[in-house]
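All heavy atoms count here, side chains included; hydrogens, waters and symmetry mates do not.
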2 protein chains.
Amino acid sequence: MSQLINGMKKTTIYEIANALAIDSSTVSRALNDSPRVSKNTKEKVLKKAKELGYSTNLLASNLRQNKSNTIGIVVPRISRFFFSTTIAGIEEAAFTQGYNVIISQSLEQLDREKKIINNFVANRVDGVLISISWETENCTHLKHLQDLNIPLVFFDRHCASMTNTNKIITGDYEGAYQATNHLIEKGCKKIAHFAGPQTLELYKNRLNGYKMALENNKMKFDPALVQESSLMKNYGYESMKSLMEKIDDIDGVFSANDAAAVGAMKYLSRIGKRIPNDIAFVGFSNDPLSEVIDPPLSTVDQFGFEMGKKACELLIENINAKGKNPWQYRTVVLQPNLIERKSSQKPVKIT
Amino acid sequence: MSQLINGMKKTTIYEIANALAIDSSTVSRALNDSPRVSKNTKEKVLKKAKELGYSTNLLASNLRQNKSNTIGIVVPRISRFFFSTTIAGIEEAAFTQGYNVIISQSLEQLDREKKIINNFVANRVDGVLISISWETENCTHLKHLQDLNIPLVFFDRHCASMTNTNKIITGDYEGAYQATNHLIEKGCKKIAHFAGPQTLELYKNRLNGYKMALENNKMKFDPALVQESSLMKNYGYESMKSLMEKIDDIDGVFSANDAAAVGAMKYLSRIGKRIPNDIAFVGFSNDPLSEVIDPPLSTVDQFGFEMGKKACELLIENINAKGKNPWQYRTVVLQPNLIERKSSQKPVKIT
DNA sequence: AGATTAAATACAATCGATTGTATAATTTTT
DNA sequence: AAAAATTATACAATCGATTGTATTTAATCT
């Protein structure tokens with residue numbers, strides 16, 4: 001095993017070629033196991049490569065092949081549970097297929113998102129997976145990607161204005177419908193909704209699912225029962241507080257995420273309300289918090305890992321199809337799953 | 001704005017050079033704002049570049065400059081809260097300084113870790129940030145990185161066998177000492193410890209902190225009170241169960257992470273024990289779970305985001321120092337912070 | 001104006017691997 | 001054994017940007 005002195009230059013195929021008195025092209029082909037090289041030479045090359053501590057320079061290889069074997073990921077925040085789970089799924093699929101992932105966070109800022117996309121283009125990523133920021137209403141920077149023939153897949157949050165594109169999303173409408181309907185079945189008469197930023201399609205859909213469930217059960221939709229916020233925990237707390245001050249006979253809450261529900265539950269337990277007896281709760285996302293809070297929070301499971309994995313597989317499929325027959329953009333909807341826990345088990349009223 | 005037809009070749013500096021009848025080297029220098037190019041030409045180049053939709057090919061640039069502006073990160077699991085927080089910190093620092101991050105997960109497997117490192121070397125990352133897997137006892141693959149003169153910084157989990165290296169770690173011993181001492185102060189007489197895999201330095205240190213706190217308070221250390229596991233939630237549940245079946249007068253638990261503590265608390269609430277009155281709890285990490293569980297769990301805050309940010313800054317410093325005076329390896333210890341919550345507030349006994 | 005210095009640009013090699021084409025070596029066929 | 005067909009290897013261009021050196025052009029000085 002060769003000892004490399006600090007800062008010594010890395011071995012290249014030329015050094016291997018020199019050492020064996022053959023041509024660099026033969027070395028390259030040998031290393032790539034090309035049928036154009038004899039078994040004998042391949043063995044010699046491999047042996048010498050090991051001896052010299054050779055490691056392919058993928059920068060060179062990538063340049064020549066005009067392919068980086070890299071996928072760019074943009075998420076609002078890496079540390080948010082749902083996104084870190086999705087990323088885990090993406091990484092898993094990417095690793096299996098020999099792709100690297102580079103990850104950047106938009107921090108919900110459009111201008112950061114644009115910068116990131118530019119950087120990805122400059123780095124010649126083979127494809128992009130993105131969950132857009134709150135601020136992203138104008139998607140020209142993403143359309144531009146498609147113009148450049150760089151495959152793109154949205155996951156979870158997508159651009160409503162782009163119809164011709166790949167996306168993999170949750171059945172938000174259906175999940176919200178189920179959740180609300182479940183509360184109604186448990187006997188709730190006045191159900192509030194914590195809505196997320198209505199710039200995002202997915203929160204609109206959750207609101208619509210809520211509305212439609214009410215309507216189908218002949219309950220009137222009351223805008224005063226809807227609180228829109230960023231759905232962070234403290235907003236759940238505040239939303240609940242201001243709702244309760246205005247309307248005191250709320251007996252159910254469907255929250256568009258778990259964090260806000262948790263915040264609200266904390267407020268209610270502080271003011272002595274019982275869950276689910278006084279107010280029943282259903283959240284969304286199946287955040288680990290939901291299982292731990294007391295009482296455990298009913299929620300809608302989103303399968304983040306699965307979504308990431310599928311999104312990545314779809315992207316790679318698209319990458320591999322480049323240059324072949326025209327690509328058919330695909331929309332995959334993952335149907336979520338209502339998990340019933342104690343927070344929504346209202347005792348049956350005897351009437 | 002030029003419309004690119006699907007699959008059209010990307011513009012290069014040569015096209016810009018041709019269009020303006022100047023040399024490509026001048027274009028390159030103009031784009032990099034070199035003082036060797038006149039203001040006039042710079043403007044013309046920039047204008048033409050925009051017109052042709054030019055985007056630097058960093059693959060080419062990186063090859064030439066033998067620098068990828070990329071940092072490789074290896075973590076056991078991206079979706080674990082502590083790691084996703086750390087990654088967020090790393091990404092933040094990297095973005096600020098113009099670096100990309102590529103992320104891979106070892107899934108606690110040594111052979112995956114080795115593959116990842118090889119891949120990072122082939123991709124010529126400028127530096128590596130790693131939190132090693134459980135299985136990683138032999139660190140030759142990481143020593144190899146240093147031989148290749150690729151800067152390396154460990155964070156959180158490091159190799160005990162490597163003394164000459166950069167690392168940024170938590171004051172695990174001190175944190176554990178504080179946590180245990182706190183339980184003792186609250187009147188606990190028989191404190192159990194949920195220990196993590198003892199292959200990892202950090203869990204050894206937490207165990208030692210626990211031991212030393214007992215010793216300094218003249219309490220005997222009893223190995224039967226220590227349960228070693230992977231510290232996943234269900235292991236906390238099981239550990240507590242098997243402990244209680246053997247020893248029934250335990251009145252405090254210091255768990256080396258929060259998840260295991262939460263599992264144990266769930267078990268105790270099931271069998272009707274009261275927390276903190278019967279058994280007080282302190283966890284480690286300040287996982288979001290700890291704030292939400294009832295009663296809220298006292299824990300030791302680890303500042304994951306901070307750790308990631310500092311680790312990345314240290315790495316970049318090391319990268320920039322390459323080739324200059326010999327680098328002094330650094331060890332940074334972030335002192336953790338005990339957060340007292342209800343789970344450890346044992347009512348004072350009147351004696 | 002002519003010489004000297006400075007500014008701006010052009011030339012050409014280079015980073016390390018890949019790949020189409022040409023040539024040499026070997027094997028098969030007749 | 002000569003011709004044809006295979007197989008193995010060598011040659012040389014290429015990917016797109018960077019950078020040291022050389023050359024041309026413009027500005028300054030005496």
Between [atom2] on [N] and [atom1] on [X], what's the gap in Å once rounded to a whole number?
| X | N | atom1 | atom2 | result |
| --- | --- | --- | --- | --- |
| Asn57(B) | dT14(D) | CG | P | 17 Å |
| Asn62(A) | dG16(D) | CG | P | 13 Å |
| Ile13(A) | dT18(C) | CD1 | P | 7 Å |
| Lys44(B) | dA8(C) | NZ | P | 13 Å |
| Leu31(A) | dG16(C) | CG | C1' | 12 Å |
| Asn69(A) | dA17(C) | CG | P | 16 Å |
| Asn66(B) | dT18(D) | CG | P | 14 Å |
| Glu15(A) | dG16(C) | CD | P | 8 Å |

Applying a 4.0 Å non-hydrogen cut-off, can you work out what [X] is touching in the nucleic acid: base, sugar-phosphate, or nothing?
| X | answer |
| --- | --- |
| Ala21(B) | sugar-phosphate |
| Ile22(A) | sugar-phosphate |
| Ala17(A) | nothing |

With respect to the phosphate group of [N], does any side-chain polar atom (N or O) of [X] fall under 4.0 Å of OP1 or OP2?
| X | N | result |
| --- | --- | --- |
| Ser38(A) | dA8(D) | no |
| Ser28(B) | dG16(D) | no |
| Asn32(B) | dT18(D) | yes |
| Gln65(B) | dT14(C) | no |
| Tyr14(B) | dT18(D) | no |
| Ser25(B) | dT9(C) | no |

Ser38(A) and Thr41(A) have their tightest heavy-atom pair at OG-OG1, 2.5 Å

Search all heavy atoms of Arg77(B) against all heavy atoms of Gln105(B) and return the closest pair with its distance.
CA-OE1, 3.5 Å

On DNA chain D, does the nearest nucleotide to Ser24(B) precede the nearest nucleotide to Ala60(A) from the 5' side, or the other way round? Give the residue.
Ala60(A)

Hey, does the side-chain of Arg36(B) have a donor or acceptor N/O within less than 3.5 Å of a partner on the base of dT9(C)?
yes

Side chain of [X] - closest among [options]:
| X | options | result |
| --- | --- | --- |
| Arg29(B) | dG20(C), dA10(C), dT18(C) | dA10(C) |
| Arg64(A) | dA8(C), dG16(D), dA13(D) | dA13(D) |
| Leu63(A) | dG16(D), dC11(C), dA17(C) | dG16(D) |
| Asp23(B) | dT18(D), dA10(C), dT18(C) | dA10(C) |

Let me spell it out: for each of Arg124(B) and Thr26(B), pick the nucleotide of DNA chain C with the closest heavy atom. Which residue's pick is nearer the 5' end?
Thr26(B)

Under 4.0 Å between a side-chain nitrogen and a carboxylate oxygen: does that hold for Arg157(B) and Glu113(B)?
no

Set out, in order, the CA-CA distance, both residues' side-chain angles and the distance that settles salt bridge (charged side-chain N to carboxylate O under 4.0 Å, His left out) for Glu15(A) and Lys48(A), then state yes or no.
CA-CA 10 Å; Glu15(A) 273 124 90; Lys48(A) 185 59 80 178; over 6 Å; no

Check each of Asn320(A), Ile90(A), Leu129(A), Asn166(A) against Leu315(A) using the side-chain contact (heavy atoms from CB on, under 4.5 Å) test, and report the only one that passes.
Leu129(A)

Would you confirm whether Thr96(A), through its side chain, and Glu92(A), through its main-chain N or O, come within 3.5 Å as a donor-acceptor pair?
yes

